[in-house]
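Take a look at the structure below.
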Number of protein chains: 2
Amino acid sequence: MSTPSSPARGRPARLNQARTVRTALDLLNESGLDALTMRRLADAMGVQAGALYRYFATKQDLLTAMAEHMVGGVADATGPAGDDDWSEEVARLARALRTALLAHRDGARVYAGTHSTGPNTLGFADGLIGVLRAAGFSDGEAARALYTVSHFTVGHTLEEQAALRPEDGGPANAGVLREAVVEAGTYPHLAATLPVLTSTDFTAHFEFGLRLLLDGLRAVRR
Amino acid sequence: MSTPSSPARGRPARLNQARTVRTALDLLNESGLDALTMRRLADAMGVQAGALYRYFATKQDLLTAMAEHMVGGVADATGPAGDDDWSEEVARLARALRTALLAHRDGARVYAGTHSTGPNTLGFADGLIGVLRAAGFSDGEAARALYTVSHFTVGHTLEEQAALRPEDGGPANAGVLREAVVEAGTYPHLAATLPVLTSTDFTAHFEFGLRLLLDGLRAVRR
DNA sequence: ACCTGAACACCGTTCAAGT
DNA sequence: ACCTGAACACCGTTCAAGT
């Protein structure tokens, strides 16, 4: 974090961290992660690429700030009055994370490639662990359940967004898989389940996995 | 797949797909994914970078072949006589996938970034779905369970390997998280569970998540 | 204090030309 | 048929110098 010193002497800054992150997220939505370069971002802000390094020490730092911004509000995905049972609260948080990642092109890829310790990321983690601790899970169970839910959610959304990209995995992916399975003729179980495997109802896939995790947590709790 | 035509006329080839993939995996282990460039790989093979494009149309194709090679043998991770119950078979397959990804530096990152339709990847998928179908799960349940198990396993291993890298997430990560949580003073649940959250017993984390999924599958099956 | 201009050390990929 | 050499169109990052 290379925040320029506070007293506003000299020229008024044309750049700042917040505006840079917002512009970067706009550019991400328009062009995708592969096209998000420091030069193009600088261009979009009417500045030279080197100038960005006054606000972010590395591109990785910028991506981390973008990831943190993307999950803003996810931690607030708690029950209206908190009278929901714990499994519905966990489901709400997981769904909110997926939705937040889906809200930006390549959102899951950006999130998976960074490790924010900002308030949005930590707030989500604290909230999820808090729900489970309140429900009687041990510290170890609650912490590990956070990891399981997070890894599943990010892993799922990574695939979901990859399947939407034209280059790799797009509408083509289903065809490629079908072709490979049929051509080989040696994968009876893949052949039998192809309609489900190539379904684009990603919400159904996500909800199935989420249900497994919640049922698993119920079983663990005895 | 740009396999050069079969009849061996002209010069004997110094390059081929199999040797290139093996050398690339060696280089990956030595230097990591970020240092795996077409130029460095060509160098390691005593050739110019452009020559690689006779065997792989793009770097992405090379990475896909590497991913496919990495998970060789994972599909064979089935019971010694097949007399195990289905949940132990699924566990075996999931553990074998994690182990295969861990066997190469940045293995999960390579795997997550590609979509192989080779026999190792499809064999794993077919095997896992087959175990579940034989156990009485519906086609839809079996196919979706494959996705859930895969996404969790890859997501987990992605984090596990990120935590082992020095630059981002290494031994430093635990410290960074602790610092952020303590400094803010507003994350009681993270503070309480910090010892578990920063534990480097990744096998325990993985086994917990796997157990949730298997218990969830048992519940789904009624 | 903030940004420009220009450079450094690279990338993935293409393709005429050599052997 | 297989590979070289050289180029094209980029990258992230640094840093003296301007204002």
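Here the structure is a predicted model, which means the values were calculated and not measured. Lettering of chains follows the sequences in order, A, B, ..., and the numbering in each one begins at 1.
- Here the nucleotide nearest the side chain of Tyr55(A), chosen from dC11(C), dC2(C), dT13(D), is dC2(C).
- Here Arg133(B) pairs with His189(A), Asp139(B) under the side-chain hydrogen bond (donor to acceptor under 3.5 Å, both in side chains) rule; sequence neighbours left out.
- Rounded to whole angstrom, the span from the CG atom of Asp43(B) across to the C1' atom of dG12(C) amounts to 16 Å.
- Here dT13(D) presents its P atom at 8 Å from NZ of Lys59(A), a figure rounded to the nearest Å.
- Between the CE atom of Met38(A) and the C1' atom of dT14(D) there is a distance of 12 Å, rounded to whole Å.
- Residue order along DNA chain D, read from the 5' end via each residue's closest nucleotide, puts Leu15(B) first among Leu15(B) and Thr37(A).
- In terms of the side-chain hydrogen bond (donor to acceptor under 3.5 Å, both in side chains) criterion, residue partners of Thr203(B) (sequence neighbours excluded) are, by chain and number, Arg98(B).
- Counting only residues at least two apart or in different chains, side chain to side chain donor-acceptor pair (under 3.5 Å) contacts with residues 175-187 of chain B are absent.
- In this structure, the CG atom of Asp61(A) is 13 Å from the C1' atom of dG12(D), given to the nearest Å.
- Phe56(B) places its CZ atom 18 Å from the C1' atom of dT14(C), with the value rounded to the nearest Å.
- Closest to the Ala51(B) side chain, of the nucleotides dT13(C), dT13(D), dT4(D), is dT4(D).
- To the nearest angstrom, C1' of dT4(D) lies 15 Å from OH of Tyr53(B).
- Between Val110(A) and Leu101(A) there is no side-chain heavy-atom pair separated by less than 4.5 Å.
- Rounded to whole Å, atom C1' of dT4(D) lies 11 Å from atom CZ of Arg54(B).
- Of the possible donor and acceptor atoms, one in the side chain of Asp126(A) sits under 3.5 Å from a partner among the backbone N and O of Leu190(B).
- Following rounding to the nearest Å, Gln60(B) (CD) and dC11(C) (C1') show an atom-to-atom distance of 16 Å.
- Between dC15(C) and dC3(D), the two C1' atoms lie 12 Å apart (nearest whole Å).
- The side-chain hydrogen bond (donor to acceptor under 3.5 Å, both in side chains) test applied to Glu159(B) returns His115(A), not counting sequence neighbours.
- With the nearest nucleotide of DNA chain D identified for both Arg39(B) and Gln48(B), Gln48(B) has the one nearer the 5' end.
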Would you write the dot-bracket representation of DNA chain C, where each base gets (, ), [, ], | or . depending on whether it forms a Watson-Crick or G-U pair under 3.5 Å and with which partner?
||.|||||...|||||.||
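- Under the rule for a side-chain hydrogen bond (donor to acceptor under 3.5 Å, both in side chains), the partners of Glu207(B) that lie at least two apart in sequence or sit in another chain are Arg95(B).
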